[in-house]
Asks: 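Mind looking over this structure? Questions follow.
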Amino acid sequence: MKPEIRHEQERVDRVIETIKEQIGSLENETGRRQEEVVEIRKNFWDEVKVNTDTFDDFLETVLSLRQQAQVLTVSQGTHQQAVKKLASLRRMKEKPYFGRINFLEDGESTAEKVYIGIATLTDKTGEDFLIYDWRAPISSVYYDYAPGPAEYETPGGLIKGKLVKKWQYIIKDGSIDSMFDTSLTIGDEILQQVLGKRTDNYMHSIVATIQRRQNQIIRHDKGRLLIVQGAAGSGKTSAALQRIAYLLYKYRSSLNADQIILFSPNAMFNSYVSNVLPELGEENMEQVTFQEYLNHRLSSEFQVEGPYEQLEYVLNETTAPSYTTRTAAIRFKASTRFFESVKSYRQSLEFSGMKFKGVKFRGESIVTPEQVKEQFYSYDPSIKFYNRIEKLTEWLNGELDKAEKRERKKPWVDEKIELLSKEDYQKVYKHLQNNKGTKEDLFDDYDGEHEALSKMIVRKRFKRLRNKIERLLYVDIKGIYHQLFADPETIDSLMNGSPPKEWEDICHSTVSMLSEGKLFYEDATPFLLLKELILGFQTNTSIKHVLIDEAQDYSPFQFEFLKRLFPSAKMTVLGDFNQAIFAHAREHVDFSTLTDLYGQEETDTIKLTQSYRSTRPIIEFTRGLVPDGYRITAFDREGEKPTLTKVKNHHELHGHIRLKVDELLKSGYHSIAIICKSAAESESAFTGLHAIRDLNKIKAGSLEYEQGVVVIPSYLAKGIEFDAVIIYDASSRQYGDESLRRLFYTACTRAMHELQLFSVGEPTPFIEEKEIHLREI
């Protein structure tokens, strides 16, 4: 062993010994703290003096409760911090750190050796830093600079100096496997090792291999909106998750994981990325899909189409008579022009056009829709719209009060009173006694008894109506949205410019769906926006940061909606328009439209052009599939060229794919994806390839990403990587239309080590044969 490595190994041994000592100490502390929390909970009420006889007694009780709750909160917080620290130490025991810099601060005579790992570690005194957290200000020097002048920001100001040396370590089971003196950036040797690994069920932390541009994303802390536009495999999702870990570290006193939300493409992706933050000792944030949010808000009113159902239509129904109309509707309803039109429509309702539902009881009308509408427009137009809704609610409750009095005298009430059982009578009596007070003035004569029972029975029956009125269900939102499309000329007065030439047909198809109680996916967000603009926006001010992955799949309309939904949040959006597979985004090439969201001064854009996922031959092939592919640079990791195999029919296709899967499994690959264009093609492929052992089919509802051999539609594979990818049918029949170029690119860029394409007949015209091995059967 070289002297320097031996010296470094001795340090590793000392650090690990310190970690073990601290683990032992913390295990005792967490056990003690847990017992303390249990004891406080067990005896909580014994320590609280409850007395409400006088106001002073009540105040003393409240203060006693608050004091005891604070004691419990402090104990729970201390216990949780100890548990979190213990988890970090256990992770560090085998690999305490991964990097080192020798930094000479201006004005100092000797350079400080700064060792960098996933968490901070100090010696027994707490004064000597043995390891710095990768998120600490000084650690940014490790990621951002080559030896020479360097600087880093601290809360106290800018620290300048000189980076003398930079080292990287690979430590396994407490032993230094190798160490590298890196002069420019994170060493190729370590990246080669990391990228050359087989995949597993989860995405992992990349803190040991963060590149400078990724570090800019992680530590970015300006403005309201950060846009990350990155090539496939550039590490944008990993960097964004590391960014969350960084923010939780930097703002640990004011930010916690439940104030951050990630909008991801599907539930399976949530499973795939669920490991990253826990690896770094942080809790996972809330992870949802936009469709889950829409279903939460709309599924009680409509059967809501999902984004993948919409995409299946676009991919498979190209010959349908309504195809041109539908795709035009998708594009227009996703636009900011339509967003502004919906806002203008809502403003027009200030003066006319509101629709309401009447209120009926036992089949008889209390108020008609026309009466409600007349009352609404009788209010002074200068009163704010939502205040007029509130006044209308008060008026309707007053009308119910009158109706209740009328109903008490009707025969059906007498029948109900006569049919009251002894038990029901006792319940009514007790309820009235509790509300009325003394026994003497309750049921003192027959008339009083009858009146009290009548009031009780009618009020109970009216409770459901009052509940509907309080929830504003008397406002006919469906009818109002329907009205926007009932007359195709309505929109002319609401927007600048003209609607699509297919607008009349769009109106007819929208009205037809609404009449069936269904909502196109492209209508879901506009409908919800209109509902919010009328009834009041249900904002979430507790969320401080929103992450949106695969952002190219979101429409400008949806971004505007999310901005309103989370008014206090900063936003990080990640995407690649080369992977924009939804119809509304096919005409876009970047996120320039998003700069209007918060304004130019509040928006920053970072572009990642280096791809790390795939081998150089795969990247050279895939970048030829897209117009601006020349901008994508490959990391220098060698491998085999992709192979295209032409077959005559599907019987041959299935036979060759089975052989190829066997070959790939024997090569030691853990994850093999047979990627199909759509779910419909996946069904066919899964049936034809049933002889492959343990073959799994991934569907839109799949909750977890699993290894092995899977058949998967192209759009569900987004954001995930596989050891080897087989494109099920790369023929011109499947991928002949120019609109499918990005979909094909997305499928091919999922491959880390091998890419195999099969074509039944002539291959797609997207392929440049110079970058691929060609086999004809």
Side-chain angles (χ1 to χ4, degrees), residues 293-302 304 333-359 367-397 399 465-487 490-491 493-495 507 510-511 513-515 517-520 522-541 555 557-567:
Y293 174 74
L294 291 176
N295 285 338
H296 169 69
R297 297 295 309 278
L298 296 173
S299 59
S300 62
E301 302 173 68
F302 290 105
V304 185
K333 290 176 181 177
S335 67
T336 50
R337 286 177 70 211
F338 190 57
F339 184 89
E340 294 301 325
S341 298
V342 172
K343 283 176 26 182
S344 297
Y345 179 47
R346 170 18 214 104
Q347 288 165 359
S348 74
L349 298 175
E350 301 259 356
F351 310 102
S352 66
M354 280 291 283
K355 285 183 171 291
F356 299 97
K357 300 171 187 175
V359 181
V367 287
T368 65
E370 292 73 21
Q371 288 173 318
V372 182
K373 182 176 180 179
E374 184 179 346
Q375 182 66 26
F376 178 79
Y377 285 113
S378 72
Y379 299 131
D380 189 335
S382 65
I383 299 174
K384 287 185 177 180
F385 190 84
Y386 188 69
N387 290 341
R388 289 157 77 184
I389 295 283
E390 287 180 332
K391 287 176 70 70
L392 190 61
T393 301
E394 290 174 12
W395 176 77
L396 282 169
N397 276 318
E399 294 301 303
L465 283 180
R466 289 192 184 276
N467 181 260
K468 284 185 174 182
I469 287 169
E470 289 303 318
R471 290 164 57 202
L472 309 182
L473 297 181
Y474 64 87
V475 182
D476 187 5
I477 305 295
K478 289 183 188 177
I480 297 169
Y481 192 70
H482 181 286
Q483 183 175 255
L484 179 59
F485 301 94
D487 180 359
T490 301
I491 205 162
S493 61
L494 301 174
M495 63 180 294
C507 288
T510 306
V511 165
M513 282 289 279
L514 290 169
S515 302
K518 297 176 182 177
L519 208 58
F520 284 130
E522 60 268 24
D523 281 298
T525 312
F527 179 88
L528 195 53
L529 175 69
L530 181 63
K531 182 176 182 178
E532 303 280 76
L533 291 173
I534 292 171
L535 303 183
F537 225 92
Q538 295 189 23
T539 59
N540 187 332
T541 56
S555 69
F557 201 118
Q558 289 169 329
F559 276 115
E560 290 281 358
F561 183 83
L562 288 170
K563 175 189 172 183
R564 285 171 172 262
L565 181 61
F566 302 108

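Just so you know, these numbers use all the heavy atoms, side chains as well, and skip hydrogens, waters and symmetry mates.
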Asks: Is a side-chain donor or acceptor of Lys333 paired with a backbone partner of Phe520 at a separation under 3.5 angstrom?
Replies: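 Checking the backbone N and O of Phe520 against the side chain of Lys333, no donor-acceptor pair under 3.5 Å is found.
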
Asks: Nearest 0.5 angstrom please: Leu494 CG to Arg346 CZ, how far?
Replies: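 Rounded to the nearest 0.5 Å, the CG-CZ separation comes to 12.5 Å.
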
Asks: Which residues pass the ring pair (Phe, Tyr, Trp, His ring centres under 6.0 Å) test with Tyr379, sequence neighbours left out?
Replies: none

Asks: To the nearest 0.5 Å, tell me how far His482 NE2 sits from Met513 CE.
Replies: 13.0 Å

Asks: Hey, can you tell me if Phe385 and Phe376 have their rings parallel, tilted or perpendicular (30° and 60° cut-offs)?
Replies: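 Rings of Phe385 and Phe376: perpendicular, over 60°.
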
Asks: Side chains of Asn397 and Glu470, heavy atoms from C-beta outward: is any pair under 4.5 Å?
Replies: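 Counting from C-beta outward, Asn397 and Glu470 do come under 4.5 Å.
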
Asks: Could you measure the distance from the CZ atom of Phe356 to the CD1 atom of Ile477? Nearest 0.5 Å is fine.
Replies: 9.0 Å

Asks: What's the spacing between Arg471 CZ and Leu535 CG if we round to 0.5 Å?
Replies: 11.5 Å

Asks: Evaluate whether atom NZ of Lys357 has more than 12 neighbouring non-hydrogen atoms of other residues, nucleotides or ligands under 6.0 angstrom away.
Replies: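 For Lys357, atom NZ is crowded (more than 12 foreign heavy atoms under 6.0 Å).
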
Asks: What is the distance from atom CG of Leu565 to atom CD of Glu532, rounded to the nearest 0.5 Å?
Replies: 7.5 Å

Asks: Show the nearest heavy-atom pair for residues Ile383 and Arg388, with the distance to one decimal.
Replies: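 Nearest heavy atoms, Ile383 then Arg388: O-CD, 3.2 Å.
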
Asks: Between Phe302 and Phe527, what is the ring plane arrangement, given parallel below 30°, perpendicular above 60°, and tilted in between?
Replies: perpendicular

Asks: Who passes side-chain contact (heavy atoms from CB on, under 4.5 Å) against Gln558, sequence neighbours left out?
Replies: Phe290, Tyr521, Thr525, Tyr554, Ser555

Asks: Quick one: are Phe485 and Asp523 in side-chain contact, heavy atoms under 4.5 Å?
Replies: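 Yes, their side chains come closer than 4.5 Å.
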
Asks: Quick one: do Val359 and Glu399 satisfy side chain to side chain contact (heavy atoms under 4.5 Å, CB included)? Show the steps, please.
Replies: CA-CA 10 Å; Val359 181; Glu399 294 301 303; over 6 Å; no

Asks: For side chain to side chain contact (heavy atoms under 4.5 Å, CB included), just list the numbers for Tyr474 and Val367, CA-CA rounded to whole Å, side-chain angles, deciding distance to a tenth of an Å, and then say yes or no.
Replies: CA-CA 11 Å; Tyr474 64 87; Val367 287; over 6 Å; no

Asks: Indicate yes or no for a side-chain donor-acceptor contact from Ser493 to the backbone of Thr490 under 3.5 Å, with no hydrogens or angles considered.
Replies: yes

Asks: So, Tyr345 side chain and Ile480 main chain: donor-acceptor pair closer than 3.5 Å or not?
Replies: yes

Asks: Is any side-chain heavy atom of Pro526 less than 4.5 Å from a side-chain heavy atom of Leu530?
Replies: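 Pro526 does not reach Leu530 side chain to side chain.
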
Asks: Strictly distance-based, threshold 3.5 Å: is any side-chain N or O of Arg564 a donor or acceptor partner for the main-chain N or O of Leu529?
Replies: no

Asks: Check the pair Arg297 / Gln538 against side chain to side chain contact (heavy atoms under 4.5 Å, CB included), numbers first and verdict last.
Replies: CA-CA 10 Å; Arg297 297 295 309 278; Gln538 295 189 23; 3.5 Å; yes

Asks: Ignoring hydrogens and geometry, is there a side-chain-to-backbone donor-acceptor pair from Tyr377 to Met354 under 3.5 Å?
Replies: yes

Asks: Run Tyr386 and Glu390 through side chain to side chain contact (heavy atoms under 4.5 Å, CB included) and show every step you take.
Replies: CA-CA 6 Å; Tyr386 188 69; Glu390 287 180 332; 3.5 Å; yes

Asks: Do Glu560 and Lys343 sit within salt-bridge range, that is, some charged N less than 4.0 Å from a carboxylate O?
Replies: no

Asks: List the residues meeting salt bridge (Lys or Arg N to Asp or Glu O under 4.0 Å) with Lys373, not counting sequence neighbours, and say none if there are none.
Replies: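 With neighbours one apart ignored, the set is empty.
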
Asks: Using a cut-off of 6.0 Å, state whether more than 12 heavy atoms not belonging to Glu301 lie near its atom CD.
Replies: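 Buried by this count: over 12 neighbours within 6.0 Å.
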
Asks: For residues Phe561 and Phe537, establish whether the separation of their ring centroids is below 6.0 Å.
Replies: yes

Asks: Nearest 0.5 Å please: distance from the CG atom of Leu298 over to the CG atom of Leu528.
Replies: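 Rounded to the nearest 0.5 Å, the CG-CG separation comes out at 5.0 Å.
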
